Amino acid sequence: MKRRNFIAATGISLFGINRIFGNVSASPELITKKRSRKITTKVLIVGGGPAGIGAAIGAAKTGAETLLIENYGFFGGVASWSIGMCINQMRPDEKPRGFVHELLLQKLQNYGEQAVRLSTHQFYVNVEYFKAAVLDALDEVGCKYLVHAKAVDAITKGNRITGVIFSSKSGLVEIKADVVVDCTGDADIAFFSGAPTMTETGNLAPQTLLLNIGKMDNYTSKDMDGVADKAKSKYPLIPDQWGLKKVSNCNHFVINHSGTKEMGNFDITDPFQFSRAECISRRQIVQLTGAMREFGSGDLRHSEIVGASTQIGVRESRRIKGEYILTEDDAINGKQFSDVIAWRSGWLDIGFTRLNQMKIHQVPFRALVPEQIDGLLAAGRCISASHAGAAAGKSMGNCFATGHAAGVAAALSSKEKKTPGE
């Protein structure tokens with residue numbers, strides 16, 4: 001039915017439509033650009049992944065007015081968009097690790113058995129429950145938060161950061177803060193502020209787009225025998241390695257794999273390389289599923305894509321250059337420090353490229369403090385570390401720990417009116 005006939009048939013005049021839906025032919029003169037808004041807080045956490053969650057809980061529980069902002073519509077970072085990959089190093093040796101880790105476990109367990117399953121050190125979670133559990137934890141400690149808030153620049157005065165600018169549906173918004181904690185994973189805020197950063201261009205760990213597959217009630221690992229070798233000529237984008245793990249108490253599987261390892265070395269801080277890595281990875285998972293369906297056996301022949309990550313998972317990118325740079329030797333030898341604020345456990349893991357058992361080693365506060373810029377701390381994947389030193393600390397449980405420490409330090413810095421460096 002044409003619009004004119006619809007209006008006549010229903011008896012709704014153009015005036016009536018405008019009252020219901022607004023002026024359908026508003027003149028350009030009535031549309032004005034919204035000016036920048038301003039917000040103030042004591043502690044600002046940028047990035048709501050594991051490090052950001054840890055920092056937000058740490059700062060708010062210490063008593064500081066805290067605001068956490070996140071680019072996506074949910075918190076959790078790779079813990080959420082990994083769509084069920086295990087969250088490692090949350091309970092090493094099956095022992096409670098710290099307040100943040102246990103608070104999140106408690107909130108997950110409140111949702112019942114489908115939300116979380118515990119293993120030797122990791123949480124296997126259904127990510128939709130995890131997203132809600134994070135909100136519950138933030139609410140309990142009184143942390144304020146915003147999603148759909150992408151940080152686009154830093155506000156500086158001399159050699160001190162005083163806030164951050166983020167983009168929103170109503171335009172640019174300024175947030176002024178006593179202390180800012182960079183939990184972006186890619187040291188975005190440090191970079192925007194002019195702090196020195198480090199990137200191992202040409203030597204970065206690969207990125208991976210994880211996926212869920214289903215319709216495999218009777219799957220066994222033998223169903224995968226020879227798939228990669230048989231399928232490579234027909235499906236050239238498939239990774240050289242991948243494995244299937246069941247998502248927490250559900251009937252579908254998550255696939256983690258070597259991703260872009262054989263496609264080139266992508267620096268995701270370069271927008272064109274980031275775009276290329278992302279788009280190749282979208283085609284890769286379609287080919288991967290096709291390879292399993294055609295060359296696998298058993299239930300693999302009937303497998304179906306359930307969903308894929310929000311974006312590629314990034315193992316390594318830009319990091320701050322801090323007062324101390326964590327190294328491979330620190331991780332392998334179990335280094336200790338006088339200014340210890342956290343510890344890291346697990347493996348030195350360069351994403352399907354290299355895997356070494358490491359000792360529990362400490363993280364000094366100096367690795368969270370960037371050079372040259374005051375009022376700023378970093379946590380998680382972008383703390384001050386070498387290429388191998390960064391690979392030793394990227395497990396999510398370790399990121400929660402350095403985030404927790406950075407949040408507490410930021411709150412104390414604001415309370416005592418001292419810079420983090422002081």
Side-chain angles (χ1 to χ4, degrees), residues 46-49 51-52 69-74 77-78 80-83 147-154 164-169 171-172 182-211 235-242 255-289 307-321 350-353 370 378 380-388 390-391 394:
V46 185
I69 66 170
E70 162 59 33
N71 178 34
Y72 291 108
F74 54 86
V78 71
S80 291
W81 75 56
S82 66
I83 55 178
V147 295
H148 300 299
K150 181 175 178 60
V152 295
D153 206 353
V164 164
I165 298 174
F166 74 86
S167 63
S168 74
K169 291 295 185 181
L172 299 178
D182 187 340
C183 298
T184 60
D186 307 311
D188 291 346
I189 306 307
F191 176 75
F192 294 156
S193 71
T197 58
M198 305 179 291
T199 308
E200 300 285 338
T201 305
N203 196 34
L204 293 162
Q207 298 86 28
T208 298
L209 187 71
L210 289 93
L211 69 152
Y235 298 103
L237 293 181
I238 62 173
D240 59 351
Q241 297 178 57
W242 69 88
I255 297 181
N256 190 11
H257 55 91
S258 55
T260 60
K261 177 183 172 184
E262 296 182 307
M263 300 180 193
N265 201 266
F266 298 95
D267 177 3
I268 64 91
T269 62
D270 178 297
F272 294 97
Q273 292 187 48
F274 192 6
S275 178
R276 180 162 171 73
E278 184 79 47
C279 294
I280 288 176
S281 297
R282 296 288 164 190
R283 292 189 170 101
Q284 182 183 48
I285 66 163
V286 172
Q287 289 197 11
L288 191 154
T289 307
S309 301
T310 307
Q311 71 154 69
I312 50 175
V314 179
R315 295 180 171 91
E316 179 188 3
S317 59
R318 183 169 53 206
R319 305 174 299 280
I320 68 163
K321 185 174 185 296
I350 309 180
F352 291 85
T353 302
R381 191 163 52 78
C382 61
I383 66 173
S384 181
S386 68
H387 169 61
K394 65 181 178 59

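Model, not experiment: these values are computed from the prediction.
In this structure, I83 and S309 approach most closely via the heavy-atom pair CD1-N, 3.8 Å. Between I383 and R319, the closest heavy-atom pair is O-CB, 3.5 Å.
A donor atom on one side chain and an acceptor atom on the other are not found under 3.5 Å apart for T184 and D186. The closest side-chain donor-acceptor pair between D240 and S258 falls under 3.5 angstrom.
Heavy-atom neighbours of F191 CZ from other residues, nucleotides or ligands within 6.0 Å: at or below the threshold of 12. The environment of R283 atom CZ is sparse: at most 12 non-hydrogen atoms of other residues, nucleotides or ligands sit within 6.0 angstrom.
Judged by distance alone, the side chain of Q207 and the main-chain N or O of F266 form a donor-acceptor pair under 3.5 Å. At least one donor-acceptor pair under 3.5 Å links the side chain of N265 to the backbone N or O of G202. Within the 3.5 Å criterion, the main-chain N or O of G351 finds a donor-acceptor partner in the side chain of T353. Judged purely by atom type and a 3.5 angstrom limit, T208 uses its side chain to pair as donor or acceptor with the backbone of H257. Although no hydrogens or angles enter the test, the distance criterion places a donor-acceptor pair under 3.5 Å between the side chain of Q284 and the main chain of L237. Side-chain N or O atoms of S275 include none that pairs as donor or acceptor with a backbone N or O of P271 at under 3.5 Å.
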**Request:** Walk me through it: do V314 and V78 pass the test side-chain contact (heavy atoms from CB on, under 4.5 Å)?
**Result:** CA-CA 8 Å; V314 179; V78 71; over 6 Å; no
**Message:** Before you tell me yes or no, could you show the steps for V46 and D182 under side-chain contact (heavy atoms from CB on, under 4.5 Å), namely the whole-Å CA-CA distance, both residues' side-chain angles and the distance that decides it to 0.1 Å?
**Reply:** CA-CA 5 Å; V46 185; D182 187 340; 5.6 Å; no
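A 4.5 Å side-chain heavy-atom check between P206 and E262 finds every atom pair outside the cut-off. In this structure, F274 and E278 have side chains that are in contact, with non-hydrogen atoms separated by less than 4.5 Å. Residues H387 and E316 are in side-chain contact: their nearest non-hydrogen atoms beyond the backbone lie under 4.5 Å apart. In this structure, the side chains of P236 and Q287 come closer than 4.5 Å at one or more pairs of heavy atoms.
In this structure, CG on D270 lies 12.5 Å from OG on S317, to the nearest 0.5 angstrom.
Taking the charged nitrogens against the carboxylate oxygens, D188 and R318 do have a contact shorter than 4.0 Å, which makes a salt bridge.
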